[in-house]
Amino acid sequence: AMNNKIKVGALRFTSHAGNFVAFERGYFADAGLDVEFEFFQAAQPMAVAIASGDVDYAVTAVSGGLISLADKGAIKVIGGALSEEEGIDGQKFLASDAAFQAGVKTPKDLDGKKFAVTQAGSSFHYMGSKMAQAEGIEMSFTPLQKVGAIIGAMKSGQVDGWSIVPHIAKPLAGSGAVHIIGNVSDYLPDYQVTTVFTSAKHAADERGMTESFLEGFSRGVDDYAAAMIDNTADQDAMVDLIHKYVYTDRPRDKAAPSIINGTMRLNKGAALNIASIQDQLNWFQSEGLVDADITIEKLVDTSYVDIIGA
Amino acid sequence: MDIRLDGISHSYDTFEVMRDISLDISSGQIVCIVGPSGCGKSTLLRFIGGLERPQSGQVLQLGDPPEGCLNPLTYIFQDFALLPWRSVSGNVSLVLEDHGIKGSAARKIIEDVLARTKLSDFAKALPKQLSGGMKQRVAIARALAVNPAVMLMDEPLSALDSQTRELLMDDLIDLWTRQPFTAVYVTHNLAEAVRLGHRVVVLSRRPGRIREIVEIEKPLNQREFGDPDLDKAQKHLWQLMRDEARAADAELINV
Amino acid sequence: MDIRLDGISHSYDTFEVMRDISLDISSGQIVCIVGPSGCGKSTLLRFIGGLERPQSGQVLQLGDPPEGCLNPLTYIFQDFALLPWRSVSGNVSLVLEDHGIKGSAARKIIEDVLARTKLSDFAKALPKQLSGGMKQRVAIARALAVNPAVMLMDEPLSALDSQTRELLMDDLIDLWTRQPFTAVYVTHNLAEAVRLGHRVVVLSRRPGRIREIVEIEKPLNQREFGDPDLDKAQKHLWQLMRDEARAADAELINV
Amino acid sequence: MSDVSLGKSVAFRGGGFAPKPHRWVGVLVFISLILFAEWGTRTGWISALTLPKPSDVLQTFQELYDSGLLFKHLAPSLSRLIVGAAIGASIGISVGILIGLFSYIRSGLVPLVAAIFPIPKIALLPLFVIWFGIGEGSKYALIAFGTFTPTVVATYGAVDNVDRTLIRMGQSFGLSWWSIVRKIVLPGAMPGILSGLRISLAIAIILLVAAEMLGAEYGIGAYILEAGSLYDLERLFAGVVILSLLGVLVSAVIGLVERRLLGWRT
Amino acid sequence: MSDVSLGKSVAFRGGGFAPKPHRWVGVLVFISLILFAEWGTRTGWISALTLPKPSDVLQTFQELYDSGLLFKHLAPSLSRLIVGAAIGASIGISVGILIGLFSYIRSGLVPLVAAIFPIPKIALLPLFVIWFGIGEGSKYALIAFGTFTPTVVATYGAVDNVDRTLIRMGQSFGLSWWSIVRKIVLPGAMPGILSGLRISLAIAIILLVAAEMLGAEYGIGAYILEAGSLYDLERLFAGVVILSLLGVLVSAVIGLVERRLLGWRT
Ligand SMILES: Nc1ncnc2c1ncn2[C@@H]1O[C@H](COP(=O)(O)OP(=O)(O)OP(=O)(O)O)[C@@H](O)[C@H]1O
Ligand SMILES: Nc1ncnc2c1ncn2[C@@H]1O[C@H](COP(=O)(O)OP(=O)(O)OP(=O)(O)O)[C@@H](O)[C@H]1O
Ligand SMILES: [Mg+2]
Ligand SMILES: [Mg+2]
């Protein structure tokens with residue numbers, strides 16, 4: 001291959017494990033790519049960094065910002081990553097202890113309550129809104145910007161509900177400060193949580209490089225799924241590998257449960273659930289968060305990976 | 001009411017400012033204090049007015065202040081010390097308010113002192129609208145308002161140009177002639193000293209000591225510009241001070 | 001080099017400051033300008049030095065400045081205008097640097113002018129360490145360094161206390177006696193005017209016009225404190241100006 | 001030049017170093033910057049990612065106004081600004097005056113204020129949630145906290161700068177301590193306090209965005225944050241322009257107050 | 001009181017209104033605040049959510065130091081601070097001087113600066129990524145941008161305040177325009193510029209956190225942000241304390257520079 005130098009954007013979350021594995025096990029190198037990671041604190045700047053050309057590929061949730069940037073012709077979704085899958089522990093709906101004591105035992109009980117989101121148009125907003133729609137309830141959404149701020153607000157009972165990935169949900173619930181009251185997958189089966197994306201320019205003009213990246217990434221995902229979900233490979237070795245990137249400041253024995261708790265399905269071959277993406281796009285448009293005339297074609301380049309759910 | 005300075009000495013830390021100054025200031029007299037820069041004239045005046053305490057020696061009030069005297073020892077400052085945010089009459093009323101004099105009683109006093117200092121037309125003006133001479137006149141009016149037993153004046157004319165100074169000296173003599181007041185008048189200006197002083201106290205260089213006290217007999221209202229007696233007294237004072245003044249001027253200031 | 005003022009009039013917007021002033025300043029003479037506050041003395045001096053332009057009339061240089069003159073028209077300011085961040089010698093060298101005089105040539109000039117103003121011991125001192133009198137001496141040294149044809153002095157002594165003023169007047173007379181210079185000397189102080197001026201120009205109130213020019217014949221170095229001739233001249237000047245001075249003082253300033 | 005043979009005119013060498021404002025130049029600069037941006041974005045010379053079209057921003061503004069959302073956003077922001085800044089400034093002025101008057105308070109509080117000054121308020125957001133909740137309380141607190149420190153510093157500086165002769169004058173006339181503080185120190189410190197407020201209020205406006213990070217649905221800050229997270233540059237700029245206008249307005253108001261209260265200054 | 005019958009001593013009525021610092025009081029206040037927090041958190045009177053134990057913060061600090069992470073975080077932050085502030089301050093000083101000297105530049109730029117001043121820098125974060133990338137560039141730019149405006153305002157104020165008689169003096173001695181600017185205007189404006197820098201640098205420190213929101217792995221700001229997002233109060237406070245110390249240090253350095261450069265002030 002060509003030994004291209006590329007930059008891959010990543011957050012220090014287990015949901016980015018596909019990239020870490022592909023890098024550590026040399027799958028990117030095999031695909032002819034010389035990968036360098038660029039770490040971010042949040043997903044939104046990562047999307048902007050793809051648009052600005054500072055980063056070549058990244059994985060992140062579909063958000064209003066992502067769609068806006070796609071609309072400006074800056075980026076394209078080219079594959080899928082994290083999905084809700086039945087049978088695998090997925091994202092949870094939480095209630096604060098105060099709300100729980102006041103009778104919020106199921107998501108439906110959040111009627112008239114405050115639901116925490118980081119920002120309007122974030123994936124939290126989408127999940128909460130879809131749940132409310134399904135249950136026929138009304139909630140108010142409270143934007144708190146940072147996950148840390150939300151946790152603080154949940155612990156002190158200032159917001160009532162929230163949804164979050166399991167490895168954050170479980171330890172919080174364990175401490176008694178919050179309670180798990182439902183699964184996101186009950187409302188959004190096959191929810192395509194995160195996607196692989198790149199700049200529109202790469203998607204159009206750098207076909208070879210993009211395919212190479214997806215190839216390396218897919219092999220990483222396969223290894224991850226084998227070890228963490230399907231239990232056909234050594235889980236300990238995988239935890240060791242991931243620990244190099246995630247929870248690095250904690251000793252391994254403390255990090256391991258969080259890493260294991262964080263396990264979710266990463267789509268094989270970076271397949272993309274287009275139905276879920278379409279649903280998300282529709283929702284953003286119906287909320288007036290993005291332009292109503294953006295089409296799915298503007299957002300997604302379907303030519304790279306298997307399209308499922310169509 | 002007389003004032004007696006009794007063996008006053010003072011140092012700031014190890015910096016000796018004045019040594020053993022004793023002086024009597026008797027009622028109805030103007031005592032001028034002259035001396036080279038930094039000899040402690042202003043400091044001495046602050047001691048007399050109770051704004052600072054000497055390290056040794058004391059300042060005594062002999063007898064009681066006259067009836068109706070609100071503030072026996074009253075200053076007039078070189079830089080006028082007017083509140084810039086108060087009008088002329090507001091600046092005068094400032095010193096009455098704390099004595100509970102308000103309303104028509106205050107108005108009466110204010111009108112009276114402004115008339116005596118020829119400021120009646122300027123009652124509503126702000127300090128920034130006044131020339132230096134007018135400002136000092138407001139300060140004099142303010143001092144008169146509290147009916148002082150002794151006026152303490154620290155170079156009251158030296159911020160003014162010499163023509164205005166000439167005019168204000170006439171005014172002060174006028175005021176004194178109509179109603180004699182007691183005053184301690186600190187100045188650098190020997191012409192002022194011989195024009196206004198019944199006695200002129202000459203201090204030496206730092207540490208300030210009394211070198212000589214010159215009495216000037218001629219009544220205030222007969223003193224005139226170019227008067228040979230006064231010229232003689234002034235020449236005498238200048239001879240006393242000239243070398244010290246030069247030495248004081250050539251001293252490096254250690255800031 | 002002589003200076004001729006030729007029918008100078010000036011207004012700031014609609015505010016007339018002076019009207020039709022014509023005057024000859026001849027070489028080697030000190031011309032004093034006196035007049036009530038605000039009559040345009042400083043403005044006139046700025047016209048002479050080329051710092052401002054009159055609306056009508058003109059200022060002419062007659063003849064060439066003498067050899068070695070770096071800055072024919074040189075100011076001495078009331079507030080000294082020393083750079084506080086430069087030492088005494090640095091302040092003098094400032095005005096030489098722009099003429100490309102550096103190194104030993106500059107050092108020679110600086111030493112010479114500091115010696116003439118009795119400042120040799122203070123070459124390294126900063127302005128903040130100096131008394132007012134010393135500061136003005138530095139300003140005089142700086143003016144001497146450029147070997148001016150005409151010195152323009154705007155109340156050079158009025159920021160000083162009267163004893164220092166006395167000392168500096170002696171120094172100025174000393175300097176002039178050793179080497180006569182041409183000067184236009186603006187002042188409020190009639191004693192200074194009669195002491196230093198060969199001619200005293202009396203301006204009227206604003207708009208300033210020339211009211212009278214008083215010639216004083218007595219040679220500078222024979223003038224003394226309490227000299228009856230001078231006293232007479234001064235008295236005459238004061239009579240000319242008194243009423244106008246009072247009126248100028250009582251004027252409200254419209255800021 | 002009546003007669004040139006008489007001599008030459010004195011050369012003019014004064015003037016300058018006194019810049020005079022020409023109002024229209026400022027307006028011109030704004031207009032040409034906007035026109036340049038418009039031209040650049042229209043021709044594509046400036047990409048849509050870099051800057052929004054000024055005309056689109058204007059249109060967004062128009063829509064915001066027409067939909068009534070402008071006031072829905074402006075009202076809570078203004079109330080936060082007013083309440084927060086009022087709390088912060090009044091506590092700041094009081095503390096500043098105490099520091100200016102009392103040795104022990106000065107020694108105790110000045111180092112504390114100096115230590116608090118460089119703390120970024122956004123770093124404390126998570127704490128503010130716990131301390132003051134996610135309601136209006138934490139927003140008031142954040143703005144108050146941000147305006148507090150510069151106000152304190154400006155105020156005690158202003159008290160220190162009050163002319164000491166005026167205070168000695170008050171004492172020499174036997175004025176009581178309280179009279180001196182009320183009639184001399186406070187009015188004398190007013191110019192310094194007001195010019196400090198100019199900075200504090202600019203900081204309060206800047207902090208509006210940080211304050212509205214915490215659970216604000218409406219508010220200019222929240223509007224800007226949402227626009228930022230959606231990468232909606234038109235709305236982002238519309239919001240920024242509102243804040244900028246707000247800043248200019250506040251500064252004009254202080255200028256007005258200064259002219260009314262401080263007419264006595266020369 | 002040599003002989004009381006002679007009369008009474010003049011009553012003392014001066015003094016006061018000149019607070020003198022007592023260093024130990026400041027130290028005492030800090031110590032007692034910390035001890036109070038320690039006591040409160042130990043007894044549970046202050047909940048663990050509200051404040052961390054000071055001793056835990058100290059230990060976190062110790063760990064940070066031992067692990068060498070302290071310098072790993074400090075080094076990039078310091079370099080961002082230095083580069084960013086140097087860019088912002090130097091451009092700010094230059095622009096400020098130009099505004100102070102030229103009428104047209106003043107008229108054109110003063111309103112622009114006034115309009116830019118109240119723009120919150122965090123609102124522009126998404127734009128900065130596009131404009132300057134996610135590398136050090138955008139961090140420098142953000143800090144530079146934040147220090148720029150206050151420096152400009154302080155600088156042209158300082159130039160305006162240069163004693164006009166000094167400038168007239170320079171002209172009267174026939175100094176060239178450039179000599180006057182170099183030898184009179186610049187040194188004369190220095191005190192004002194330095195005291196403006198004090199504020200600008202405090203702002204630069206505050207902006208460190210915002211700057212490191214943009215893809216910074218290491219840095220005090222990133223450390224604080226991470227601690228905040230994990231609601232790890234010990235680390236949050238440790239980071240805040242570092243910034244606060246940094247602020248005190250910078251202010252001390254400026255004080256030193258002032259004493260060296262401005263020894264000529266009375
Ligand atoms: N509060 C103070 N602390 C220390 N030194 C002081 C203080 N007040 C005055 N001095 C010093 O004491 C000396 C006398 O000061 P003072 O002001 O009384 O002199 P003065 O005779 O009034 O001088 P001038 O003629 O210049 O007004 C000066 O050298 C001055 O520096
Ligand atoms: N640049 C200016 N713009 C407007 N008015 C001015 C300006 N300069 C001076 N004036 C006014 O012109 C008048 C004359 O000023 P000038 O300073 O020449 O008077 P002066 O005789 O020197 O007064 P003084 O004796 O107080 O120094 C004053 O009323 C002054 O307010
Ligand atoms: Mg004195
Ligand atoms: Mg003048």
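In what follows, chains carry the letters A, B, and so on, assigned in the order in which the sequence lines appear, proteins first and then strands, with residues in each chain numbered from 1.
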*Can you tell which part of C:I48 gets under 4.5 Å to a heavy atom of chain D, answering side chain, backbone, both or neither?*
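For C:I48, the backbone is the part near chain D, not the side chain.
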*asked:* Would you say D:D163 and D:T165 are linked by a side-chain donor-acceptor pair, where the criterion is simply a distance under 3.5 Å?
replied: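 Their side chains do contain a donor-acceptor pair, which is all the 3.5 Å distance test asks for.
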*asked:* How long is the straight-line distance from OG1 of C:T164 back to CD of C:Q136, given to the nearest 0.5 Å?
replied: 11.5 Å
*Look up atom CD in C:Q58 and atom OG in C:S22, then write down how far apart they are to the nearest 0.5 Å.*
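C:Q58 atom CD to C:S22 atom OG measures 10.5 Å (nearest 0.5 Å).
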*Are the side chain of D:W264 and the backbone N or O of D:L261 linked by a donor-acceptor pair below 3.5 Å?*
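Between the backbone of D:L261 and the side chain of D:W264 there is a qualifying donor-acceptor contact (under 3.5 Å).
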*Just by distance, do the side chain of C:N91 and the backbone of C:L83 share a donor-acceptor pair under 3.5 Å?*
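Such a contact is found between C:N91 side chain and C:L83 backbone.
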*Classify the angle between the aromatic ring planes of C:F77 and C:Y75 as parallel (below 30°), tilted (30 to 60°) or perpendicular (above 60°).*
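Geometry flag for C:Y75 against C:F77: parallel rings.
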*Where along residues 79-97 of chain D does a heavy atom come under 4.5 Å of chain C, listed by residue number?*
none
